[in-house]
Trainee: 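Sending over a structure as structure tokens; questions will come in a sec.
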Amino acid sequence: MRRCISSNGAYGVDALVRGEGKWEHTGRTYRSIVRYWHVLDPILKVWLADGIESLREITRDDAKRAIATRQGTPARSIHIVLRNVFRALRQEGVIFCDPTRGLVFSGISKTPPSVPSDRLAGVLSHAQNDFQRFVMVLVCIHALSGTDIRRLLLTDLDLSRERLIVRRPGKRHIIYVDELTYRCASAWLRERHRRWPVTTNPHLLINRWTAVDTTHSAIDTTFTAIFRPTGLTMPTLRQDRIRNEAFEVDDPLHLMRLFGISSHTAMRYITAAHPERTAKLPR
């Protein structure tokens, strides 16, 4: 990552975010740093064009304007990245005032529109192999994100008890496997063992590179190519699954248990699906 601190700064942003500064703290992975850079790069270019030469010059209004250039999830990503970067810089003493401190993102007020049923029909028919079919099922039925899927371990899948454990920071979510997921998972396990019978990679989903990776890393993919033939994106299908369940059952606790989402997210979907029932609820 480019060093965007002025000459007075002793460390690059990448080193600070990695936890390699003066003070020890939990660092981000290189995958996270790449995501950070994709978010930061256009913002830094705008600030440089405005004559800002150091992050010490950034004000609270500058941060607000950067967030306001996007809406929804992209805006939230900018808020999170700026907050984490400036927090690390402040901790290391590179800057003296954190412009994002106390800055609250207002959140995403609307759920995405539902996907027409005729477009959803036949999504699995676009899968070219057992790997792609299993990923599609995890997204379209169980609303797992790409991060969730990449982190799955082989031991997390227990077909004898028909359940799959999804591990998330600070918690875990248990999926009770349905018949279709069971068939797809079984087919993928057979294919996995056939192609790489002696691999020691503990992750459930592997490819020809990670199967022989001695570091036991997870697959490095966004799964975009898998869903491209369907004409729909992975986040769209995941969100539509939650939205459809919200229409069927107007209970936020049900959504929280089924998908492992937060209470705030569950209420947002319930409110969008049943506005007439939630309009009078206390805020």
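Keep in mind the model is a prediction, meaning the values are calculated, not measured.
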Trainee: Less than 4.5 Å apart, any side-chain heavy atom of Phe259 and any of Thr265?
Mentor: no
Trainee: Could you state the interatomic distance from CG (Leu232) to SG (Cys140), rounded to the nearest 0.5 Å?
Mentor: 8.5 Å
Trainee: So if you build clusters from Ile, Leu, Val, Met, Phe, Trp, Tyr with side-chain heavy-atom gaps below 4.5 Å, do Val249 and Leu253 land together?
Mentor: no
Trainee: Strictly distance-based, threshold 3.5 Å: is any side-chain N or O of Thr271 a donor or acceptor partner for the main-chain N or O of Arg268?
Mentor: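 It does not hold such a pair.
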Trainee: side-chain hydrogen bond (donor to acceptor under 3.5 Å, both in side chains), that's the test. Do Asp61 and Thr59 meet it? Break it down for me.
Mentor: CA-CA 5 Å; Asp61 289 337; Thr59 65; 5.0 Å; no
Trainee: Can you find a heavy atom in the side chain of Arg192 that is under 4.5 Å from one in the side chain of Leu205?
Mentor: no
Trainee: Would you mind checking if Asp156 and Arg167 are paired as a salt bridge, meaning a charged N to carboxylate O distance below 4.0 Å?
Mentor: yes
Trainee: Taking Leu258's backbone N and O only, do any of them form a donor-acceptor pair with His173's side chain (distance below 3.5 Å, no angle check)?
Mentor: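 At least one qualifying donor-acceptor pair exists.
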Trainee: With heavy-atom distances below 4.5 Å as the criterion, would you say the side chains of Pro202 and His216 are in contact?
Mentor: yes
Trainee: Using atom types as modelled and distance alone, determine if a side-chain donor or acceptor of Asp41 lies under 3.5 Å from a backbone N or O of His38.
Mentor: no
Trainee: Checking Thr100 against Asp98: is there a side-chain donor and acceptor pair closer than 3.5 Å?
Mentor: yes
Trainee: Measuring from Ile149:CD1 to Ile219:CD1, what's the distance to the nearest 0.5 Å?
Mentor: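 Spacing of CD1 (Ile149) from CD1 (Ile219) equals 8.0 Å.
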Trainee: Does any N or O in the side chain of Ser54 come within less than 3.5 Å of the main-chain N or O of Glu57, such that one atom is a donor and the other an acceptor?
Mentor: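 Flag not set: sc Ser54 to bb Glu57 has no pair under 3.5 Å.
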Trainee: Would you say Leu180 ends up clustered with Met136 if hydrophobic residues are merged whenever their side chains have heavy atoms under 4.5 Å apart, either directly or through other cluster members?
Mentor: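 Yes; tracing contacts between hydrophobic side chains, which count when under 4.5 Å, links both residues.
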Trainee: Identify whether Val212 and Leu153 are in the same connected component of the hydrophobic contact network (ILVMFWY, side-chain heavy atoms under 4.5 Å).
Mentor: no
Trainee: For Arg70, I'd like to know if atom CZ has over 12 heavy atoms of other residues, nucleotides or ligands within 6.0 Å.
Mentor: no
Trainee: What closest approach, in Å, do Leu255 and Ala266 show between heavy atoms, and which atom pair accounts for it?
Mentor: CD1-O, 3.8 Å
Trainee: Output the distance between atom CG (Leu138) and atom OG (Ser145), rounded to the nearest 0.5 Å.
Mentor: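 With rounding to 0.5 Å, CG (Leu138) is 10.5 Å from OG (Ser145).
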Trainee: Measuring from atom CD1 of Ile226 to atom CZ of Arg228, what distance do you get when rounded to the nearest 0.5 angstrom?
Mentor: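 Going from the CD1 atom of Ile226 to the CZ atom of Arg228 covers 10.5 Å.
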Trainee: If the condition is salt bridge (charged side-chain N to carboxylate O under 4.0 Å, His left out), which residues does Arg190 pass it with, not counting sequence neighbours?
Mentor: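 Salt bridge (charged side-chain N to carboxylate O under 4.0 Å, His left out) check on Arg190 returns nothing, list empty.
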Trainee: Looking only at heavy atoms, what is the nearest atom pair of Trp196 and Asn207, with distance?
Mentor: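 Closest approach of Trp196 to Asn207: CZ2-C, 3.6 Å.
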Trainee: Can any side-chain N or O of Thr181 pair as donor or acceptor with the backbone N or O of Val177 at less than 3.5 Å?
Mentor: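 No, the answer is negative, given that no donor and acceptor are paired below the 3.5 Å cut-off.
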Trainee: Rounded to the nearest 0.5 Å, what's the gap from CG on Leu152 to CG on Leu157? Could you check?
Mentor: 8.5 Å
Trainee: How about Ser186 and Leu159: do any of their side-chain heavy atoms sit closer than 4.5 Å?
Mentor: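 Counting from C-beta outward, Ser186 and Leu159 do come under 4.5 Å.
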Trainee: Any pair with a residue in residues 202-224 that passes salt bridge (charged side-chain N to carboxylate O under 4.0 Å, His left out), sequence neighbours left out, goes on the list, sorted by first then second residue, please.
Mentor: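 Qualifying pairs: Arg31-Asp220.
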Trainee: Start with the C-alpha distance between Gln132 and Val135, add both sets of side-chain angles, then the distance that settles side chain to side chain contact (heavy atoms under 4.5 Å, CB included), and finish with yes or no.
Mentor: CA-CA 5 Å; Gln132 294 187 1; Val135 170; 5.7 Å; no
Trainee: Considering residues, nucleotides and ligands other than His193, do more than 12 of their heavy atoms fall under 6.0 Å from its NE2?
Mentor: no
Trainee: Start with the C-alpha distance between Ile52 and Leu48, add both sets of side-chain angles, then the distance that settles side chain to side chain contact (heavy atoms under 4.5 Å, CB included), and finish with yes or no.
Mentor: CA-CA 5 Å; Ile52 298 175; Leu48 287 171; over 6 Å; no
Trainee: Please give me the minimum heavy-atom distance between Leu144 and Arg238, naming the atom from each residue.
Mentor: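 That would be O-CD, 3.6 Å.
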Trainee: Could you tell me whether the side chain of Pro169 reaches within less than 4.5 Å of the side chain of Arg151, counting heavy atoms only?
Mentor: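 Yes - at least one pair of side-chain heavy atoms lies under 4.5 Å apart.
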Trainee: Are Trp188 and Ile165 in one and the same hydrophobic cluster, where Ile, Leu, Val, Met, Phe, Trp and Tyr link if side-chain heavy atoms are under 4.5 Å apart?
Mentor: no
Trainee: Could you walk me through whether Thr214 and Thr200 pass side chain to side chain contact (heavy atoms under 4.5 Å, CB included), step by step?
Mentor: CA-CA 8 Å; Thr214 57; Thr200 57; over 6 Å; no
Trainee: Any chance the side chains of Asp178 and His142 put a donor and an acceptor closer than 3.5 Å?
Mentor: yes
Trainee: Would you call Met256 and Ser263 a side-chain contact if the rule is heavy atoms closer than 4.5 Å?
Mentor: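 Answer yes - side chains close enough.
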Trainee: Tell me, with the steps shown, if Thr210 and Asn201 meet side chain to side chain contact (heavy atoms under 4.5 Å, CB included).
Mentor: CA-CA 7 Å; Thr210 59; Asn201 194 315; 3.6 Å; yes
Trainee: Same cluster or not: are Ile174 and Leu154 linked, directly or through other Ile, Leu, Val, Met, Phe, Trp or Tyr residues, by side-chain heavy atoms under 4.5 angstrom apart?
Mentor: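 No, Ile174 does not connect to Leu154 through the hydrophobic network.
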Trainee: What's the shortest heavy-atom distance between Ala273 and Phe247, and which atoms?
Mentor: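 In this case the closest contact between Ala273 and Phe247 is O-CE2, 3.4 Å.
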Trainee: Which salt bridge (charged side-chain N to carboxylate O under 4.0 Å, His left out) pairs, counting each pair once, include a residue from residues 123-144, with sequence neighbours left out?
Mentor: Asp130-Arg133
Trainee: Quick one: are Glu162 and Tyr182 in side-chain contact, heavy atoms under 4.5 Å?
Mentor: yes
Trainee: Please evaluate residues Arg243 and Asp240 with respect to the criterion salt bridge (Lys or Arg N to Asp or Glu O under 4.0 Å), reporting the C-alpha separation (whole Å), side-chain torsions for both, the decisive distance (0.1 Å), and the verdict.
Mentor: CA-CA 5 Å; Arg243 181 187 179 93; Asp240 191 76; 5.4 Å; no
Trainee: Measure the spacing between CD1 of Ile78 and NZ of Lys64 and express it to the nearest 0.5 Å.
Mentor: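 Rounded to the nearest 0.5 Å, the CD1-NZ separation comes out at 15.5 Å.
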Trainee: Do you know the tightest heavy-atom contact between Thr230 and His126?
Mentor: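 For Thr230 and His126, the tightest heavy-atom pair comes out as CG2-CD2, 3.7 Å.
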Trainee: Are Leu237 and Phe227 close enough that some pair of their side-chain heavy atoms sits under 4.5 Å apart?
Mentor: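 Yes, their side chains come closer than 4.5 Å.
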Trainee: So, for Phe134 and Leu204, which heavy atoms are closest and what is the spacing to 0.1 Å?
Mentor: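 Where Phe134 meets Leu204 most closely, the heavy atoms are CE2-CD2, 3.6 Å.
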Trainee: Should we count CZ of Arg101 as having more than 12 external heavy atoms under 6.0 Å?
Mentor: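 No, because the 6.0 Å sphere around CZ of Arg101 holds 12 heavy atoms or fewer from other groups.
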